[in-house]
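Everything quoted here is computed from the prediction, not taken from an experiment. Side-chain atoms are counted along with the backbone in the values below, which use heavy atoms only and exclude waters and symmetry mates.
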Amino acid sequence: SGQTSNSCGATSHTREWCNGSRRRREDAAKNGGLVEVSLVDPDYLYLIWDETSSVLDRSIGTAHGRYSLDHIAHEIMIGEQHLWIVFDDDKKVISALTTKFVSYPGKRLLAGQFLGGERIMRWRDSMLETLERWAVDNNCDGMEMTGRRGFERILKPHGWTPEYTVFEKMFEEKDNG
């Protein structure tokens, strides 16, 4: 077919997703084996979406109707959000995270959007280090994330601080009929 593979297994038809800031393989034997963090090329989303969407599905409830899995897939396909996956040595997706760049008048940040998965302590360090390098490589001034309160203990050892609490009030759905 004329395609060549690089060391990350990506073909010449893919973008260069396997440089140091987009992929990390770490022997985490102390935490249960090898894990790999990888940014998914939007052109190949269809290959991994079924498995990944079932992992992300658990986090959609926190959006309270703001997003559906279809919305997320669309935003990944058009480059609005980025899909990161963590898979183990059996190539099973154990976690998925979406991020997006957010530009404020005075700062550009990489924002964590949706996170689902299991065994977070097994891959937390690899994921955070990979995201930080990628944010720096993309001229970000920092990172931000909204999440449930339990994330404070997971993120605090890596220099994250809780800055504010989000309050919301939803109105009853209007009948447009």
Side-chain angles (χ1 to χ4, degrees), residues 8 10 13-26 35-49 52-53 55-87 93 95-117 120 123-171:
C8 296
H13 291 171
T14 65
R15 294 181 201 121
E16 198 54 41
W17 290 103
C18 297
N19 73 22
S21 72
R22 293 185 175 104
R23 192 165 198 155
R24 181 178 180 87
R25 189 170 175 88
E26 182 169 299
V35 294
E36 190 162 340
V37 176
S38 185
L39 178 62
V40 175
D41 184 323
D43 292 339
Y44 295 93
L45 180 64
Y46 70 95
L47 294 174
I48 194 82
W49 186 245
T52 305
S53 64
V55 173
L56 282 175
D57 188 46
R58 300 175 209 149
S59 67
I60 296 301
T62 62
H64 302 289
R66 292 179 186 93
Y67 279 90
S68 69
L69 286 171
D70 288 340
H71 295 134
I72 292 170
H74 174 73
E75 287 193 0
I76 292 166
M77 293 300 294
I78 64 170
E80 180 74 21
Q81 288 196 50
H82 326 108
L83 176 62
W84 298 87
I85 58 171
V86 178
F87 50 94
V93 174
S95 182
L97 167 72
T98 66
T99 59
K100 70 187 295 183
F101 296 118
V102 179
S103 294
Y104 296 102
K107 301 265 184 202
R108 175 178 162 93
L109 301 176
L110 179 65
Q113 297 296 107
F114 294 97
L115 170 67
I120 192 168
W123 49 263
R124 173 198 64 184
D125 297 347
S126 295
M127 176 66 83
L128 291 174
E129 290 166 15
T130 301
L131 292 175
E132 188 170 330
R133 275 196 319 273
W134 199 63
V136 169
D137 287 351
N138 283 278
N139 301 311
C140 291
D141 297 296
M143 298 187 298
E144 69 180 10
M145 162 179 182
T146 56
R148 53 185 169 67
R149 294 186 192 271
F151 280 108
E152 182 177 354
R153 74 175 165 77
I154 292 166
L155 296 172
K156 195 170 189 173
H158 288 269
W160 290 71
T161 57
E163 292 296 324
Y164 57 88
T165 301
V166 175
F167 295 90
E168 68 178 27
K169 178 180 179 180
M170 294 294 167
F171 303 115

A.B. asks: Rounded to the nearest 0.5 Å, what's the gap from CZ on Arg58 to CG on Leu115? Could you check?
C.D. replies: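 Answer rounded to 0.5 Å: 10.5 Å.
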A.B. asks: Starting at CD of Glu144, measure out to CG of Leu109 and round the result to the nearest 0.5 Å.
C.D. replies: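 Spacing of CD (Glu144) from CG (Leu109) equals 5.0 Å.
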A.B. asks: Applying salt bridge (Lys or Arg N to Asp or Glu O under 4.0 Å) as the test, list every pair that has at least one member in residues 76-86; sequence neighbours left out.
C.D. replies: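 Passing the test, one end in residues 76-86: Glu80-Lys100.
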A.B. asks: Please find out if less than 6.0 Å separates the ring center of Trp134 from that of Phe101.
C.D. replies: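 Yes - the distance between ring centres of Trp134 and Phe101 falls below the 6.0 Å cut-off.
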A.B. asks: Find out whether Leu69 and Ile60 are in side-chain contact, i.e. whether some heavy atom of one side chain is under 4.5 Å from a heavy atom of the other.
C.D. replies: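 The answer is yes; the side chains approach within 4.5 Å.
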A.B. asks: Once you round to the nearest 0.5 Å, how far does CD1 of Ile76 lie from CD of Gln113?
C.D. replies: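 With rounding to 0.5 Å, CD1 (Ile76) is 10.5 Å from CD (Gln113).
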A.B. asks: Can you confirm whether Met127 sits close enough to Leu97 that some side-chain heavy atom of one is under 4.5 Å from a side-chain heavy atom of the other?
C.D. replies: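 Contact flag for Met127/Leu97 side chains = yes.
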A.B. asks: Which atom pair, heavy atoms only, marks the closest approach of Ser95 to Gly116?
C.D. replies: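 Scanning both residues, the minimum pair turns out to be OG-O, 2.9 Å.
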A.B. asks: I need the Ile72 CD1 to Thr52 OG1 distance, nearest 0.5 Å.
C.D. replies: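 Reported to 0.5 Å precision, the distance equals 11.5 Å.
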A.B. asks: List the atom of Leu56, the atom of Phe114, and the distance in Å for their closest heavy-atom pair.
C.D. replies: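 Where Leu56 meets Phe114 most closely, the heavy atoms are CD2-O, 3.8 Å.
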A.B. asks: Is there a donor-acceptor pair closer than 3.5 Å between any side-chain N or O of Arg108 and the backbone N or O of Asn138?
C.D. replies: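 The answer is yes, because a donor-acceptor pair under 3.5 Å joins these two groups.
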A.B. asks: Distance from Leu110 atom CG to His82 atom NE2, nearest 0.5 Å?
C.D. replies: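 One finds 7.0 Å between CG of Leu110 and NE2 of His82.
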A.B. asks: For residues Met77 and Pro42, report the shortest heavy-atom separation together with the two atoms involved.
C.D. replies: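 Closest approach of Met77 to Pro42, heavy atoms only: SD-O, 3.3 Å.
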A.B. asks: Less than 4.5 Å apart, side chain to side chain, heavy atoms only: is that true for His74 and Ile78?
C.D. replies: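 Sidechains of Ile78 and His74: in contact.
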A.B. asks: Would you indicate whether the side-chain heavy atoms of Phe87 and Val37 approach each other to under 4.5 Å?
C.D. replies: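 Of all side-chain heavy-atom pairs linking Phe87 with Val37, none is under 4.5 Å.
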A.B. asks: Would Leu131 and Thr99 count as a side chain to side chain contact (heavy atoms under 4.5 Å, CB included) here? Give the steps.
C.D. replies: CA-CA 9 Å; Leu131 292 175; Thr99 59; 4.1 Å; yes
A.B. asks: Is a side-chain donor or acceptor of Asp41 paired with a backbone partner of Asp43 at a separation under 3.5 angstrom?
C.D. replies: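 Confirmed, Asp41 side chain pairs with Asp43 backbone.
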A.B. asks: Return the OG1 to OH distance between Thr98 and Tyr67, rounded to the nearest 0.5 Å.
C.D. replies: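 It comes to 8.0 Å.
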A.B. asks: Judged by atom type as modelled, is there a donor-acceptor pair below 3.5 Å linking the side chain of His71 to the main-chain atoms of Ser68?
C.D. replies: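 Here the side-chain-to-backbone pair exists.
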A.B. asks: Any sub-3.5 Å donor-acceptor pair from Asp57's side-chain atoms to Ser53's backbone N or O?
C.D. replies: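 Between the backbone of Ser53 and the side chain of Asp57 there is no qualifying donor-acceptor contact (under 3.5 Å).
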